[in-house]
Amino acid sequence: MLRDQRDNMSIQGDHRFHYLVSAFVLVIARISLSIGGFVVVVILASKYGATTTTDAYFIARMVPVTLIHPLGMAFNLAFVPVYMSVKENGERNDQSALASSFLRLTFFCSLVLTLIYIIGADWIVLLLAPGFNEPAHESAVLMTRIMAPSIFLTTVHAVFDSVLNARRRFVFSALSTLWVPAGALVGVLIWSDWWGIAGLAWGVVAGIALQAIMLLPIIWKYFTINGWWFDFRDQSMKRVLSGLGLSLMVISIWQINTAVDRMIASLLGEGAVSALSLGIIFLGLVPLIVAFPIYKVMYPELVKLVRQQNSERLRTFFRGNFLIIAFLTIPVAIGLAVFADPFTNLMFHYGKFSAEAASQTTEVIIYLALGLPGSIGVILAVYYFLVTQRGKLLLAILLLTITANVILDLVLMWLLGLGGIALASTLISLIRTGILVLILEKILQGRILFRFGIPFFKILLASLVAGLVMYFSYHQLLQLMSDEKAFSQCIILLIAGCSGIVVYLLANIVFRNTQIFDLLKHLKKPAETNTQES
């Protein structure tokens, strides 16, 4: 008996070790992927500036990269639960048949979409960038056709990724994604010298192809050749398609706001699409670093509470976690707004990237940064709607906010130029979050917003105090050092940022905010949960 207990403890230990290694690799891969992509656009900005050439590139990658990339999330949401159910209740052959049928369906659909995209590239670019002049339009059409195979390749990789995730083999799939920034780096550093900016487009396609090819030796054994078509009558396949339709619509509409912003920015002339895209890509690093760990912690607890159908505990859950999100994101948003100008100059203002382009990018970063708390906080509400199968209501809200986004884009663009488009995105993000939280209050029959009003105000006040300290310390250090070298600028930003963090934590203690201790409790929960699950 003691031996059996020791064996069980050994197995549990192995599971915990595997989980920790997988989680570590996932986080590192995600961070590396985003940083690698950001390095690519920094080099791109230095080599080409913010011109019609870079505008054309960002429009050409919009559908194959920006809009198709979330397919992986939709496939995981729809396919993984059904595949795991088949795994528990059926035979190995049933799993292979489902995976193979799903692969054939996505293979066929993505291939057709890729061909349509290649043939209709001229009309697609005209729709996505109505303000382009003829050279920019022709360049965008060329790169659109080059990058079209990314649609097919990304879809195939998303299926492979879903099967591996269902079998809890996360590491290989996470590592495969690193081929994408690697291919883009080769494209922008080497191939662009031979073929111009089209070399970067070829590099992106090569990286996406390699990430799918890398998984072939591991994934092939989970599929079986049992025909060349797909069976819509299969119950498991029906369940996958039912879940996929709603998840895909929600995630796609989420991305459409970005596409709409770039479409309208094309009306502002040369460099506007590039400046907006650079600001969006830079701000995209923050949700990865801040939100990804938060939701890894919160999501399992949310699923458990939804299953228990305990409204009071759910209300407490949302109040506490919204405050934690506010505690982490509001000072980051203010810090980014304060340091937007030095950040932009430090990262982009090299080579052909002009002072005017840097000024436009700074403006975009400032306005977008103010919407970070809303754009990160809304994810928690979206998870709840998806877990509780209220996707249609969520879809309706997202469609309404897209319409509002278009109207606000046009109005604020007329008043503020490119910064107005970024401000419109921020306002829509905050409005969307507010609407979803109000609906949550109605569903859970209790107040969520009202209960954290005073703590939220304290967090905001502490963040403003920290922002003032960062602003004045940065400018005082700048006058003292008076050195424009990149290394000196980094040191000044680091000192000013650290001073802001210290002041923010001290201000929260003075204001008697408890979010620091709540955050530490939440960080302990994954280890306890994983120990129990193992």
Which pairs pass salt bridge (charged side-chain N to carboxylate O under 4.0 Å, His left out) with one or both residues in residues 185-202, sequence neighbours excluded?
K47-D193
Spacing of CZ belonging to R262 relative to CD1 belonging to I59, to within rounding of 0.5 Å
7.5 Å
Evaluate side chain to side chain contact (heavy atoms under 4.5 Å, CB included) for D409 paired with M263, printing each intermediate quantity in order.
CA-CA 10 Å; D409 273 349; M263 185 188 304; over 6 Å; no
Do I376 and L328 have side chains that get closer than 4.5 Å, going by heavy atoms?
no
With the side chain counted from C-beta on, respond yes when L418 and Y367 share a heavy-atom pair under 4.5 Å apart, and no when they do not.
no
For the residue pair I365 and T361, establish whether any side-chain heavy-atom pair is separated by less than 4.5 Å.
yes
So do the side chains of R61 and V204 get within less than 4.5 Å of each other, counting heavy atoms only?
no
Looking at CG of L178 and OG of S176, how far apart are the two atoms once the value is rounded to the nearest 0.5 Å?
8.0 Å
Between I43 and V39, does a side chain to side chain contact (heavy atoms under 4.5 Å, CB included) hold up when you go through it step by step?
CA-CA 6 Å; I43 297 170; V39 169; 3.9 Å; yes
For I151 and T155, the nearest pair of non-hydrogen atoms, with its separation, is O-OG1, 2.7 Å
CD1 of I197 to OG1 of T51: how many Å apart, nearest 0.5 Å?
7.0 Å
Scanning both residues in full, the closest heavy-atom pair of P181 with G37 reads CB-N, 4.0 Å
Find the distance between CG (L200) and CD1 (I190) and round it off to the nearest 0.5 Å.
12.5 Å
CG of L276 to CD1 of I281, rounded to nearest 0.5 Å, is 9.5 Å
Partner residues of T54 under the side chain to side chain donor-acceptor pair (under 3.5 Å) criterion, sequence neighbours left out:
S274
Could you pull out the closest heavy-atom pair between I219 and F160, with the gap in Å?
CD1-O, 3.6 Å
With sequence neighbours excluded, residues passing ring-ring contact (aromatic ring centres under 6.0 Å, His included) with F38:
F282, F348
Tell me the side chain to side chain donor-acceptor pair (under 3.5 Å) pairs involving residues 207-216, sequence neighbours left out?
none
Residues D55 and A272: closest non-hydrogen pair is OD2-N, 3.9 Å
Got S277 and Y57 here, is their nearest side-chain heavy-atom distance under 4.5 Å?
no
Has T401 got a side-chain atom pairing as donor or acceptor with I428's backbone, closer than 3.5 angstrom?
no
Give a yes or no on whether W179 atom CH2 has more than 12 heavy-atom contacts from other residues, nucleotides or ligands under 6.0 Å away.
no
When rounded to the nearest 0.5 Å, the distance separating CD1 of I443 from CG of L438 is 11.0 Å
D261: which residues meet the side chain to side chain donor-acceptor pair (under 3.5 Å) condition with it, sequence neighbours left out?
N405, S425
Quick one: does I439's side chain get under 4.5 Å of F385's, heavy atoms only?
yes
Review item, side-chain donor-acceptor pairs of residues 131-148, under 3.5 Å, at least two apart:
unit_1 : atom_1 : unit_2 : atom_2 : d
N133   : OD1    : A136   : N      : 3.0
H137   : NE2    : D122   : OD1    : 2.6
T144   : OG1    : A140   : O      : 2.6
R145   : NE     : I118   : O      : 2.9

In short, P130 meets L267 closest at the heavy-atom pair CG-CD2, 4.1 Å
If I compare all heavy atoms of L153 with all of I208, which pair ends up nearest, and what's the gap?
CB-CG2, 3.6 Å
Any heavy-atom pair between the side chains of F317 and L444 that's under 4.5 Å?
no
